[in-house]
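Worksheet: the structure to be examined is printed underneath.
As a basis for the values below, the full set of heavy atoms in this structure was taken, side chains included, without hydrogen atoms, waters or symmetry mates.
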Amino acid sequence: MNNVWKISKKLLTSLTGLCILMLFTAVIVASLGTLLSGGLLQWQTALKTATPYLYLWRLFIYVILASIWYSTFKTYRNKANQAGIEKTKRLGIIAFVVIITVEGSKLWGIINDY
């Protein structure tokens, strides 16, 4: 029972810590952006102006994630580790579905704005 509690506590702490870090970062970026740009309206305009660059940034992140996934998959394949190969394939499928869902919902929002 004690080991289960330690593992649960670590997981809860790390997920909670990650969520708090993400929230803190979002608040800081939004606050600094609004302050430095001169107001909320100017910040929104700056974000709309930067949209193509943010698309390129997301594409860059997805390419990096795909290359990491592929190198992991290749490593398991070279070691002939069938369990690792299957886990890596499932992880890739889940990541692909999440990315398509997130980007599709954003695309759907863009289409419905016009």
Side-chain angles (χ1 to χ4, degrees):
M1 181 67 175
N2 197 15
N3 287 337
V4 173
W5 172 249
K6 285 181 183 178
I7 292 171
S8 305
K9 188 176 176 185
K10 278 185 180 181
L11 180 65
L12 182 63
T13 305
S14 65
L15 289 177
T16 304
L18 182 62
C19 289
I20 290 171
L21 179 65
M22 289 172 54
L23 183 63
F24 181 71
T25 303
V27 167
I28 294 296
V29 167
S31 299
L32 282 176
T34 304
L35 183 68
L36 293 175
S37 65
L40 188 58
L41 202 55
Q42 290 84 359
W43 176 241
Q44 289 174 341
T45 304
L47 284 176
K48 285 189 182 196
T49 304
T51 298
Y53 303 109
L54 295 174
Y55 286 140
L56 287 174
W57 172 251
R58 286 202 320 256
L59 180 65
F60 179 69
I61 294 295
Y62 294 148
V63 167
I64 288 173
L65 288 174
S67 66
I68 291 170
W69 176 84
Y70 182 71
S71 67
T72 304
F73 179 76
K74 200 165 67 169
T75 302
Y76 281 132
R77 193 179 62 205
N78 289 342
K79 291 182 179 180
N81 184 348
Q82 193 60 33
I85 291 171
E86 292 301 318
K87 285 181 183 179
T88 307
K89 281 183 183 179
R90 278 184 283 181
L91 179 65
I93 291 169
I94 291 170
F96 183 75
V97 168
V98 167
I99 289 170
I100 293 299
T101 303
V102 168
E103 295 301 328
S105 68
K106 290 181 183 214
L107 180 63
W108 184 258
I110 291 171
I111 291 171
N112 287 333
D113 280 347
Y114 294 108

With sequence neighbours excluded, tell me which residues meet side-chain contact (heavy atoms from CB on, under 4.5 Å) with [X].
X	result
Y53	none
I68	I64, T72
L21	T25
I100	F96

Would you mind listing every salt bridge (Lys or Arg N to Asp or Glu O under 4.0 Å) that reaches into [range], with sequence neighbours excluded?
range	result
residues 25-41	none
residues 36-62	R58-E103
residues 26-47	none
residues 26-45	none

Residue pairs passing the ring-ring contact (aromatic ring centres under 6.0 Å, His included) test where at least one lies in residues 66-85, sequence neighbours excluded: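 Found W69-F73.
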Hydrophobic cluster of I28, others only, ordered by chain and residue number, side-chain cut-off 4.5 Å: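 In the cluster with I28 are F24, L32.
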Distance (rounded to the nearest 0.5 Å) between I94 CD1 and I99 CD1: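 Answer rounded to 0.5 Å: 12.0 Å.
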Residue pairs fulfilling side-chain hydrogen bond (donor to acceptor under 3.5 Å, both in side chains) with at least one residue in residues 80-92, sequence neighbours excluded: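 Non-adjacent pairs meeting side-chain hydrogen bond (donor to acceptor under 3.5 Å, both in side chains): Q82-E86.
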Within residues 31-45 or reaching into it, pairs that qualify as side-chain hydrogen bond (donor to acceptor under 3.5 Å, both in side chains) - sequence neighbours excluded: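 Qualifying pairs: none.
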